[in-house]
K.L.:
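Provided herewith is a single structure, encoded as C-alpha cells, for subsequent inquiry.
Proteins get letters first, then strands, A, B, ... in listed order; numbering begins at 1 in each. Quick note: numbers below take in every heavy atom, side chains included, and nothing from hydrogens, waters or symmetry partners.
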Protein chains: 2
Amino acid sequence: MLIRSLEMFTAVVETGSFSAAAERLHTVQSNVTAHIKKLEAELEVSLLSRRTPVAPTPAGHQLLDYARRIGALHAQARACFRADGEPAGELRLGSMETTAAVHLPRLLTTFARRWPSIAVHLRTGTSAELIEALRAGQLDAAFLAVEGEEGDDLLMKPVFEERLVLVSGRPLQGGLPDRQTLSRTPFLAFRQGCGYRQTVEMLLAGQRAPAPRIHEFGSLDAIVGCVAAGMGVAVLPESAVGQYRQRFQLHIAELPDDLARVTTVIASTPKGTWSRALAVFMEGEWMPEARSVA
Amino acid sequence: MLIRSLEMFTAVVETGSFSAAAERLHTVQSNVTAHIKKLEAELEVSLLSRRTPVAPTPAGHQLLDYARRIGALHAQARACFRADGEPAGELRLGSMETTAAVHLPRLLTTFARRWPSIAVHLRTGTSAELIEALRAGQLDAAFLAVEGEEGDDLLMKPVFEERLVLVSGRPLQGGLPDRQTLSRTPFLAFRQGCGYRQTVEMLLAGQRAPAPRIHEFGSLDAIVGCVAAGMGVAVLPESAVGQYRQRFQLHIAELPDDLARVTTVIASTPKGTWSRALAVFMEGEWMPEARSVA
DNA sequence: GTGCTTTTATCACTGGAAATGATTTTTTAA
DNA sequence: TTAAAAAATCATTTCCAGTGATAAAAGCAC
C-alpha cells in the first residue's frame, strides 16, 4: 500500500472520476486505474463502484477515512521540512539551572510569542548531562558552560559571558578567603557534571589539605537559600545571584579573573541536522551574540 | 516518501542500527541505507547521526513523530480489511421510520453489544431516498420496502413480513370504508418516496374522484398522534401501530391481502464491496430471515 | 597506536512495478 | 442510434526497490 495509491484513491473519490483524478495528480488515467486495482487486489475487496460519478463502496468509504488521515499527515510532514513553511513541532531545549533562571525567561517568552506553533520543552541539567543528551538525540540544543572544546560533532556558539563570584551568607572581609579557610568551609554546588563545579575544584587545587565537604543540590533556589542561611559558600554566576539579593542577605567576593570568566554557549548538532524549529531558534534575533553579562 | 521508507526509518531509530532494522524488516542493510538516504535527500536534511547506537538528529526526531503516526494508521487500515481481525470503524445504516421504531432498537442493541468497536450510524428516510443513498455510497445497508426489484446492482434480502393496516382515530364500522368515503378522507403519510405510500395510492387507484388530500409527515410519532386526534387516516404496518395502542384510542381496519402484505428487505451493495463491519452485520444472527411479523 | 570486529556506504545488477500512450470496451447523454 | 466521455486493457518504456559483494568507517580490545 503506497501513499501514492491512497492519494489517487482519495482524488478519485473527491473528483468522482478516474480521469479527473489523473489530471489533478499530473499522471495518466491508466495509471490511476492500475493503482486502484492494486489496492483492491491487496485488500481483496472492491473499493469503487464504477458508475458516473464514481462512488466509494462501503469498504471504500472505510479506506477513504484512513487515506485522508494518512494523506494529511504526509502533507504535514513534508510541510514541516520545507524551508518556506511555518516551522512547527517541538523544540527540545536543555539548560543549566542558572541560565534557565536568569536568561531563559525573557528569551523563551520572546521566542514563543514569535513562533506560536512551536512547542518548547525545557530540561535542566549539568553541562555534562546536557551534552550527552544532545549526542543521544534527546535534545535539539542546550545552554551550557564548557571550556572551548569546539571542533567535535557539536556546534557551539557563545551567547553569554558570565562572571563567577563566591557567595556567602556571612560577611567576607578582605574579599576572597585564603585557601586554608576555604578548605574548611563547606561548599554548595550542583551535582557532578556542572561546569561551575570545576571552578570550585580549581579554586582549591594544589592543596594538600583534605577537600572541603561539597553538598550537592539540584536547584539554584536551594543553593542560594542555604548559602544565605549560613550552611556554606557557593560559586555562582553574578547574574544568577543578583535576583536573590533583595530576598536574602548575601555577601559576595570576586574570584581571580582566570577562574571568574566563564562562557555560556548554545550547543547543538550541526546545521544540516536541524529541524525547521531548531533553525529559527538558532538563527533568530533572540539568540544573543556573546553578550557580556556584567 | 514511501510508507516503507518511514517504516525503515522508525525501525532504525528503534533498533539503533541499520543492520538490525534490516533484519527486523526482512531485507538487507544496503536497502535500508538507500531508503534513509532517499528520505534525507528528499527532505534535504540529515536524519540520523551515524554513531553507535544510531541516534536521530533534531530533524530526525521530528520526522520520527510523523513516521510513527503514519505507520500506526497504515497498520490499522490493513487490520481493518483482514478477515481475521476485529471489525471496526463505522457502519452507516439506513431505515424507514417504521422499521427504525419497531425492529431496530432490539436488533441494534444486540449488534452493538457483540461488536463494541463498530460505530453504528442510523439515518432514516423513505425507501427511495435510502436506495439513492446506497447507490451514492453514503450508506452501507438499509432497511426498506420495495416490490421485488431484485437483480440490479443492489443486493436485497427479505427480513420482515409486515401487514399494513388502515389506522383511524374514529371507529371503523364494517372494516375498510368504501372508496367513496376514502377519497373524501385526508391521508397522513410519509413524504414522497415511502414504500407504504404507494399502497395508499393503489388503494385509491382507478377512481375518477379527485385524490384525497395527503398530508406529509416526517415522523411516525407525528402521524400516529394526528391520526388519533382525528386529522385523518394512515396506512401503517400493524407492528408499528401496536406500541401506540396503549397511549391512543386507535381503530384499525384490515386491507385486502394483495395490498396488505409488504416485505421489508435489508439492501446493500454486493458482497465483494463490504467492509468487515458490514459483513458481520449482514451475516450475523441478529439479521432475521424473513421473519413474519403478524 | 595496531589489529580485529562490527557497522555503514558504495556499487553493479536484476526483477518488478510505476508510468505512459494507444486502443478497445463500456457507459452516458443526446 | 449515434456521438461523446470515461474506464479498462495492453504493449512498452522507465525507473527504482531490493540484492549481494565489497569497500570504507567506526568501535573495541590490547
K.L.:
For the pair B:K157 (side chain) and B:M282 (backbone), establish whether a donor and an acceptor sit closer than 3.5 Å, ignoring hydrogens and angles.
P.N.:
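Pair found, side chain donor or acceptor close to backbone of B:M282.
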K.L.:
Quick test of your reading of the model: are B:E7 and B:R24 salt-bridged, counting only N-O distances below 4.0 Å?
P.N.:
no
K.L.:
Look at the side-chain N and O atoms of A:R50 and state whether any lies under 4.0 Å from the OP1 or OP2 oxygen of C:dT26.
P.N.:
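For A:R50, the contact criterion (side-chain N or O under 4.0 Å from OP1 or OP2 of C:dT26) is not met.
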K.L.:
Answer yes if the side chains of A:S117 and A:E86 hold a donor-acceptor pair under 3.5 Å, and no otherwise.
P.N.:
yes
K.L.:
Does a donor on one side chain and an acceptor on the other come within less than 3.5 Å for B:R276 and A:Q62?
P.N.:
no
K.L.:
For the pair B:S5 (side chain) and B:H35 (backbone), establish whether a donor and an acceptor sit closer than 3.5 Å, ignoring hydrogens and angles.
P.N.:
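A pair under 3.5 Å: no.
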K.L.:
Go through residues 67-74 of chain A and report each residue with a non-hydrogen atom lying under 4.0 Å from DNA chain D, sorted by number.
P.N.:
none
K.L.:
Could you check if a side-chain atom of A:T269 sits within less than 4.5 angstrom of a side-chain atom of B:P58, using non-hydrogen atoms only?
P.N.:
yes
K.L.:
Please check if the side chain of A:T27 supplies one atom and the backbone of A:E23 the other of a donor-acceptor pair under 3.5 Å.
P.N.:
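Between the backbone of A:E23 and the side chain of A:T27 there is no qualifying donor-acceptor contact (under 3.5 Å).
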K.L.:
Does A:F81 reach the side chain of B:E42, with side-chain heavy atoms less than 4.5 Å apart?
P.N.:
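Of all side-chain heavy-atom pairs linking B:E42 with A:F81, none is under 4.5 Å.
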K.L.:
Donor-acceptor check, side chain of B:R4 to backbone of A:M1, threshold 3.5 angstrom: yes or no?
P.N.:
no
K.L.:
Would you tabulate the pairs of protein nitrogen or oxygen atoms and nucleotide nitrogen or oxygen atoms of nucleotides 11-13 of chain D closer than 3.5 angstrom?
P.N.:
none

K.L.:
Is there side-chain contact between A:L48 and A:R50, with heavy atoms separated by less than 4.5 Å?
P.N.:
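With C-beta onward as the side chain, the pair touches.
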K.L.:
Which of residues 18-29 of chain B have a heavy atom under 4.0 Å from DNA chain D?
P.N.:
B:T27, B:V28
K.L.:
So if I apply the side-chain contact (heavy atoms from CB on, under 4.5 Å) rule between B:L73 and each of A:D65, A:L6, A:L73, which one comes out positive?
P.N.:
A:L73
K.L.:
Let's see if you get this right: which residues in residues 5-16 of chain B place a heavy atom under 4.0 Å from DNA chain C?
P.N.:
none
K.L.:
Taking only side-chain N and O atoms of B:R51, does any of them lie within less than 4.0 angstrom of OP1 or OP2 on C:dT8?
P.N.:
no
K.L.:
Is there side-chain contact between B:M8 and B:L25, with heavy atoms separated by less than 4.5 Å?
P.N.:
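Yes. Closest side-chain heavy atoms under 4.5 Å.
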K.L.:
Side chains of B:S268 and B:D140: closer than 4.5 Å at any heavy-atom pair?
P.N.:
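In short, these two side chains do not touch, never coming nearer than 4.5 Å.
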K.L.:
Find the runs of at least 3 consecutive base pairs, i with j, i+1 with j-1 and so on, that include DNA chain C, using Watson-Crick or G-U wobble geometry with both distances under 3.5 Å.
P.N.:
C:1-30 with D:1-30
K.L.:
Side chains of A:L139 and A:L93, heavy atoms from C-beta outward: is any pair under 4.5 Å?
P.N.:
no
K.L.:
Rounded to the nearest Å, what distance is computed from the CZ atom of residue B:R4 to the P atom of nucleotide C:dG16?
P.N.:
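Nearest whole value for this atom pair: 16 Å.
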K.L.:
For DNA chain C, what residues of residues 30-47 of chain B have any heavy atom nearer than 4.0 Å?
P.N.:
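Heavy-atom cutoff 4.0 Å gives B:S30, B:T33, B:K37.
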K.L.:
Between A:T99 and A:S95 (side chain of the first, backbone of the second, donor and acceptor by atom type, cut-off under 3.5 Å), is there such a pair?
P.N.:
no
K.L.:
Is the shortest side-chain heavy-atom distance between A:V280 and A:W115 below 4.5 Å?
P.N.:
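Of all side-chain heavy-atom pairs linking A:W115 with A:V280, at least one is under 4.5 Å.
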K.L.:
Begin from the C-alpha positions of B:L2 and A:I3 and carry the test side-chain contact (heavy atoms from CB on, under 4.5 Å) through to its verdict.
P.N.:
CA-CA 6 Å; B:L2 301 180; A:I3 292 181; over 6 Å; no
K.L.:
Assess the side chains of A:T33 and A:Q29: does a donor N or O sit below 3.5 Å from an acceptor N or O?
P.N.:
yes
